[in-house]
Amino acid sequence: MAQIIRISESGKYENQEVTIQGWLYNKRSSGKIRFLLVRDGSAIIQCVVVKNEVSEDVFERTELLTQETSLRVTGKLVADKRAPIGYELHVSDIEIIQIAQDYPITPKEHGVDFLMDHRHLWIRSKRQHAILRIRHEIIKAAQDFFNNRDFIKVDSPIFTPNAAEGTTTLFKTDYFGSPAYLTQSGQLYAEAACMAFGRVYCFGPTFRAEKSKTRRHLTEFWMIEPEVAFFDLQDDMQLAEEFVSYIVQTVLKNRKQELETLERDTTKLEKVSPPFPKIHYNEAVEILKKNGVEFTYGDDFGGADETVLSDQFEKPVIVHHYPAEVKAFYMKRDPEEPQFALAMDMLAPEGYGEIIGGSQREDDYDTLLQRIREHNLSEEAFKWYLDLRKYGSVPHSGFGLGIERTVAWITGVKHVRETIPFPRLMQRIYP
RNA sequence: UCCGGCGUAGCUCAAUUGGCAGAGCGGGUGGCUGUUAACCACUAGGUUGUAGGUUCGAGUCCUACCGCCGGAGCCA
């Protein structure tokens, strides 16, 4: 056996004898010449088997190869302009590891339900492969961004003891005889960590038991949430636009091939750089009215409203100063116009919806206590959270970025179910 | 939870007015020395989601249920 290589590093081994370990993606035959498309997770390469260049035994073995059969292929790597990756393998030997019988996902169109039932196999397909590689790049870029700015990653717990804002959207579990809930956000714990380290972020799964059946909703999704001490809303919005720009530009730079596979039009993504348009809630309402949208002043925006707003701009748009009543208890109100919260949402272009929600947090003990009471929340449960306002409280702000919606936007995928390896939806918890 | 749509071969779909259940892909067999979801020929493959009803006759019409899809509501 020759040196084992990854297909993606073929360029380094031109005209050398190498071995590739992988799976058969597809096969074509023309009598005495056969073409094997082999994937190894890094890329796909066409392997050419010519009858009178290999032993009879090896040539006959190609007959046994079915889709997704695992194998080792040895041969000479040669440059070929006809090949998508620029190289082909001229086969000298084939070792079959396991023959796959009746692989369900054939090279043709399939329906959503069938593919979702076979998600564990679907992720081997080209398109899913490209999406998940971009997801990886987005997560890496997001963490790099904060790591390069001296943030400390402090993860929040998944189990939480209390229902922060009503139990309807929380998943309840049994925790040694007491109720516990799966977290909806790491934010409150990130605030505690923020008072310890100054700049922190957490990254993990969050859970919402909402019966939402739309292309933007999962019951389990991943969020990355920075929290910064001595930051006001303006600082927060600036951090958010720099953050999102960095992610988009990094993906454009490092995942060009995957974006091509997905046939993503990148011209709009290329324009994503600071500053982003920032509009007050009142301006947003004006825009909706100008576009003939029926909207009750004081409400939060629905999915259709968000699309109208984001369609006005080429870049993501930040809407700030939402009516305090539709926002969470912990958001600080603007002292100059107290009916508004110092909150902001970032809406992705092209109808992908809200990708960031953030705010400056209430940092005054008495005010926060009052809000907790107004919302009928348990003072006892939030004792530790109130402590943060008791022992050296400072102005601080943060936001959360939903990974799946960000992946959907950047890849141009229509539904978030394709942006996470194993999606959890209202109607699906298999595989 | 509400509105709309769909359910036929392993998969994607077709089947005229209610009148013989069919094609492509995948599988099998054979052919082809440059194929790109290769192609060509042959071949196997069906409780038409489930239960009931109307009818001489139901994939098709009616009722209920199940499942899925899209949307709304909901959604720091």
Side-chain angles (χ1 to χ4, degrees), chain A residues 25-37 44-54 59 63 66-68 80-85 88 90 100-118 121-122 125-127 164-166 168-170 183-188 190-191 206-219 221 223 225 299-304 306 322 324-332 341-345 353-354 356-362 371 375 377 398-402 405 414-415 417 425-428 430:
Chain A
Y25 195 73
N26 199 1
K27 177 174 74 170
R28 289 181 282 268
S29 164
S30 183
K32 296 185 177 61
I33 182 165
R34 281 170 190 168
F35 304 95
L36 314 177
L37 289 176
I44 294 173
I45 192 167
Q46 175 160 278
C47 304
V48 186
V49 191
V50 180
K51 189 173 169 71
N52 53 25
E53 288 176 11
V54 296
F59 194 74
E63 304 258 8
T66 53
Q67 203 188 345
E68 288 303 317
D80 192 307
K81 280 177 188 163
R82 290 169 292 191
I85 63 162
E88 286 187 341
H90 279 229
Q101 299 283 1
D102 300 323
Y103 185 70
I105 303 177
T106 55
K108 70 184 288 293
E109 282 177 29
H110 296 279
V112 171
D113 193 37
F114 176 81
L115 288 169
M116 292 292 281
D117 278 341
H118 296 85
L121 305 175
W122 191 19
S125 303
K126 254 188 213 169
R127 178 183 154 83
E165 339 209 350
T168 51
T169 65
L170 288 162
T183 183
Q184 284 190 307
S185 161
Q187 182 205 310
L188 303 187
E191 284 186 58
T206 54
F207 307 87
R208 306 217 175 157
E210 291 151 15
K211 292 186 175 176
S212 298
K213 271 175 60 180
T214 84
R215 71 185 73 166
R216 298 184 307 275
H217 288 87
L218 296 165
T219 56
F221 67 98
M223 250 201 318
E225 296 171 274
D299 283 359
D300 205 350
F301 303 121
E306 289 180 353
Y322 281 80
E325 284 191 7
V326 301
K327 287 294 181 183
F329 75 94
Y330 52 72
M331 292 184 178
K332 192 177 178 66
L342 291 169
M344 62 101 170
D345 282 356
E354 181 190 334
I356 279 181
S359 68
Q360 184 170 337
R361 322 304 188 187
E362 180 55 65
R371 300 265 180 271
H375 283 79
L377 300 170
F399 61 82
L401 172 113
R405 285 187 186 177
K414 285 196 191 75
H415 199 300
R417 66 184 163 221
L425 299 146
M426 190 180 122
Q427 307 272 47
R428 175 173 295 278
Y430 177 92

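As the structure is a computational prediction, the values presented were derived from the model and not from experiment. Values reported hereafter were calculated over all heavy atoms of this structure, with side chains retained and with hydrogens, waters and symmetry mates removed. Labels below follow one simple rule: chain letters A, B, ... track the order of the sequence lines, proteins then strands, and each chain is numbered from 1.
Straight-line distance between the C1' atoms of rC75(B) and rC61(B): roughly 41 Å, to the nearest whole Å. Comparing rA37(B) with rG4(B), their C1' atoms are spaced 33 Å from each other, to the whole Å. Atom P of rG5(B) sits at a distance of 40 Å from the matching atom of rA41(B), rounded to the whole Å.
Summarising the base pairing, rG19(B) is matched to rC56(B) through a Watson-Crick or G-U wobble pair whose two defining distances lie under 3.5 Å. Taking a pair to require two hydrogen-bonding distances under 3.5 Å in either a Watson-Crick or a G-U wobble arrangement, rC2(B) pairs with rG71(B). Across all strands shown, rC42(B) forms a Watson-Crick or G-U wobble pair with rG28(B), both key distances being under 3.5 Å.
Q187(A) comes within 4.0 angstrom of nothing in the nucleic acid, heavy atoms only. Among the protein residues, N26(A) comes within range of the sugar-phosphate backbone only, with heavy atoms under 4.0 Å from sugar or phosphate atoms but none that close to a base. Note on R361(A): nothing from the nucleic acid sits closer than 4.0 angstrom, heavy atoms only. Nucleic acid contact for T66(A): none, since no nucleic acid atom lies under 4.0 Å from a heavy atom of the residue.
In this structure, R216(A) places its CZ atom 12 Å from P of rG70(B), rounding to the nearest Å. One interatomic measurement links the two molecules: NZ of K27(A) to P of rG34(B), which rounds to 18 Å at whole-angstrom precision.
Closest approach to the R215(A) side chain among rG70(B), rC32(B), rU12(B) is made by rG70(B) (side chain taken as heavy atoms from C-beta onward). Listed nucleotides: rG73(B), rU35(B), rG70(B). Nearest to the side chain of R417(A): rG70(B). Between rG27(B), rU33(B), rC32(B), one nucleotide has an atom nearer to the side chain of I33(A) than all others, and that is rU33(B).
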